[in-house]
Undergrad: 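Got a structure for you, questions after.
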2 protein chains.
Amino acid sequence: MKATHGGRARYHHGDLRNALIEAAIELAALGGPEKVVLREAARTVGVSPTAAYRHFGGHGDLLEAVKVRGQQALADSMAEAVAALPGLDDPGEEAERTAKAIGRGYLRFALDQPGLYRTAFCRTPLDEEDDFNGLQAPDRPEFAAFVLLSEALDALVAAGRMRPENRPGAEAAAWSSVHGLALLILDGPLARLPGEERDAVIEGTLATLVAGLTR
Amino acid sequence: MKATHGGRARYHHGDLRNALIEAAIELAALGGPEKVVLREAARTVGVSPTAAYRHFGGHGDLLEAVKVRGQQALADSMAEAVAALPGLDDPGEEAERTAKAIGRGYLRFALDQPGLYRTAFCRTPLDEEDDFNGLQAPDRPEFAAFVLLSEALDALVAAGRMRPENRPGAEAAAWSSVHGLALLILDGPLARLPGEERDAVIEGTLATLVAGLTR
DNA sequence: GATAAATGTTGACGCCGTTAACAAGAGTGT
DNA sequence: ACACTCTTGTTAACGGCGTCAACATTTATC
């Protein structure tokens, strides 16, 4: 007799798994991955801690679920930034602006939702498992971000702005730049930059990156 | 009567603070910041958990100390990579190679000592304090890395390889690239790259970065 | 409607960080 | 040499965490 729905209390929650994930997401959004505590999520939902074990292997699984959601939200932010872009006549110019827009969408999410962003890239027990059994993690849709980025880089090549021989590994270079910048701003030595300078640094980094890609 | 020194047991340890830090560093090296647990460090040293509170405000302080050591070790790795470089006649070429060497030294440390590297950039209670009182963290020698990088970039300008108007913010762009790459390889989507491809990605990213800086 | 499966609950365990109260050495002045 | 004090250890205890085992309740199935 804990959760209520339509005014009626009920023993079975009905959608406890998602409710716990929602609660955990809220925690992650507020304080990052280390604030995702199973008991607190259960408390929020109004359920006993052990109830979570009917839906998750344990704390690690719950965190993993939040992580995936964070990755999805990140990809959404990037897609949104691209979608908001006007079409251009010059395909080269359009490809470059698209690439930068992706970077901005990425950074916007990281800075707007630092807790979720950190969680999206946090180390998870699952990661280490994969290390041991040598598996790939191929079918994760969570890194849709990666696909978006790849397309943008392909467009750069197609538009003749990027030399095909520089194409391999370009995702890594691009992602590294924005990811590193985001973390340096969130947790690192760039943490206490005034907003104005911060924007300048972001634009500068994106400019350097695109210049390097289109070398 | 716990610690012994020269075969003689003694009540007072003599250098407990450092001993705890050493133990904590070992933990961090093995499993990253979340493995730094005060009680375990005390256990290793052979002392009661609460003894640590004579030397640290608490767990956060201990972690902070490990973090600083990690940052110093990182800077050392970079400096070492630079020192190992042969002098060249062409100052432009030398400046570029120095920049890349710094990047390689950075990445080498990150990949050789993932636990310490993560700890060097982990979020610490101290960070949030700073957020609140708006203080800068100016006099930290830990980011000697930053100084090294700045000098390398200045050299690029001095040698005429980098346009002065691109100099501001260049540290951010450079650091972001290598930092992001390190984390993507350690925890992110580049985690399970075969060693060979990994090296290629690293070289490619450094090439893109330098190309962007010397645009 | 009985029986099984799914989904909750309570209680307990060990580990963590942390605090309070106490004890043992080390240092110092007479 | 001795008493006093400060420093640096100790034990005992608290609450919070993740987790497991055992039990209870609701829902699904024949």
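So that the names make sense, note that chain A is the first sequence line, chain B the second, and so on, each numbered from 1. What you see is a predicted model; the values in this text were computed from it and never measured.
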Undergrad: Roughly how many Å is it from CG in B/Leu62 to C1' in C/dC16, rounded to a whole number?
TA: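 Distance, rounded to whole Å: 14 Å.
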Undergrad: If the condition is side-chain hydrogen bond (donor to acceptor under 3.5 Å, both in side chains), which residues does A/Glu40 pass it with, not counting sequence neighbours?
TA: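 Checked A/Glu40 against side-chain hydrogen bond (donor to acceptor under 3.5 Å, both in side chains); matches are A/Arg43.
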Undergrad: Below 3.5 Å, can you tabulate the donor-acceptor pairs from side chains in residues 16-26 of chain A to any protein atom, sequence neighbours excluded?
TA:
unit_1  : atom_1 : unit_2  : atom_2 : d
A/Arg17 : NE     : A/His55 : O      : 3.3

Undergrad: Give the rounded distance in Å between these two atoms: CD of A/Glu40 and P of D/dG18.
TA: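 The distance from CD of A/Glu40 to P of D/dG18 comes to 10 Å, rounded to the nearest Å.
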Undergrad: Between B/Leu156 and B/Arg167, is any pair of side-chain heavy atoms under 4.5 Å apart?
TA: no
Undergrad: Rounding to a whole Å, what distance do you find between B/His59:NE2 and D/dC17:P?
TA: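 One finds 16 Å between P of D/dC17 and NE2 of B/His59, rounded.
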Undergrad: Not counting sequence neighbours, which residues clear salt bridge (Lys or Arg N to Asp or Glu O under 4.0 Å) with A/Asp199? List them please.
TA: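 Per chain and number, A/Asp199 pairs via salt bridge (Lys or Arg N to Asp or Glu O under 4.0 Å) with no residue.
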Undergrad: Would you tell me if any nitrogen or oxygen in the side chain of A/Arg43 comes within less than 4.0 Å of OP1 or OP2 on D/dC17?
TA: yes
Undergrad: Decide yes or no for A/Lys67 and A/Leu63: does some side-chain heavy atom of the first lie under 4.5 Å from some side-chain heavy atom of the second?
TA: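 With C-beta onward as the side chain, the pair stays apart.
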Undergrad: How would you list, by chain and number, every residue that makes a salt bridge (Lys or Arg N to Asp or Glu O under 4.0 Å) with B/Glu203, sequence neighbours excluded?
TA: B/Arg104
Undergrad: Grab the CG-P distance between A/Leu63 and D/dC17 for me, whole Å please.
TA: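 One finds 15 Å between P of D/dC17 and CG of A/Leu63, rounded.
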Undergrad: Starting from P on D/dT27, measure out to CG on A/Leu16 and report it in whole angstrom.
TA: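 In whole Å, D/dT27 P and A/Leu16 CG are 14 Å from each other.
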Undergrad: Less than 3.5 Å apart, which donor and acceptor atoms pair up between the side chains of residues 175-190 of chain B and the rest of the protein, not counting sequence neighbours?
TA:
unit_1   : atom_1 : unit_2   : atom_2 : d
B/Trp175 : NE1    : B/Tyr106 : OH     : 2.9
B/Ser176 : OG     : A/Leu181 : N      : 3.4
B/Ser176 : OG     : B/Ala172 : O      : 2.6
B/Ser177 : OG     : A/Ser177 : OG     : 3.1
B/His179 : ND1    : B/Tyr106 : OH     : 3.1
B/His179 : ND1    : B/Tyr117 : OH     : 2.5
B/Asp187 : OD1    : A/Arg123 : NH1    : 2.9
B/Asp187 : OD1    : B/Arg118 : NE     : 3.0
B/Asp187 : OD1    : B/Arg118 : NH2    : 2.8
B/Asp187 : OD2    : B/Arg118 : NE     : 3.1

Undergrad: Please state how far atom CD in A/Glu34 lies from atom C1' in C/dG17, giving the value in whole angstrom units.
TA: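 After rounding, the gap between these two atoms is 16 Å.
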Undergrad: Return the value, rounded to whole Å, for the distance between atom NE2 of A/His55 and atom C1' of C/dT9.
TA: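 Whole-Å distance recorded here is 13 Å.
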Undergrad: Dump every N/O contact between nucleotides 19-22 of chain C and the protein below 3.5 Å, one line per pair.
TA:
none

Undergrad: Rounded to the Å, how far apart are A/Arg39 CZ and D/dT19 C1'?
TA: 9 Å
Undergrad: Taking the minimum atom-to-atom distance to the side chain of A/Ala51, which one of C/dT9, D/dG18, C/dT18 wins?
TA: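 Nearest nucleotide to the side chain: C/dT9.
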Undergrad: Pick the nucleotide of DNA chain D nearest each of A/Leu38 and B/Ala52; which residue has the one closer to the 5' end?
TA: B/Ala52
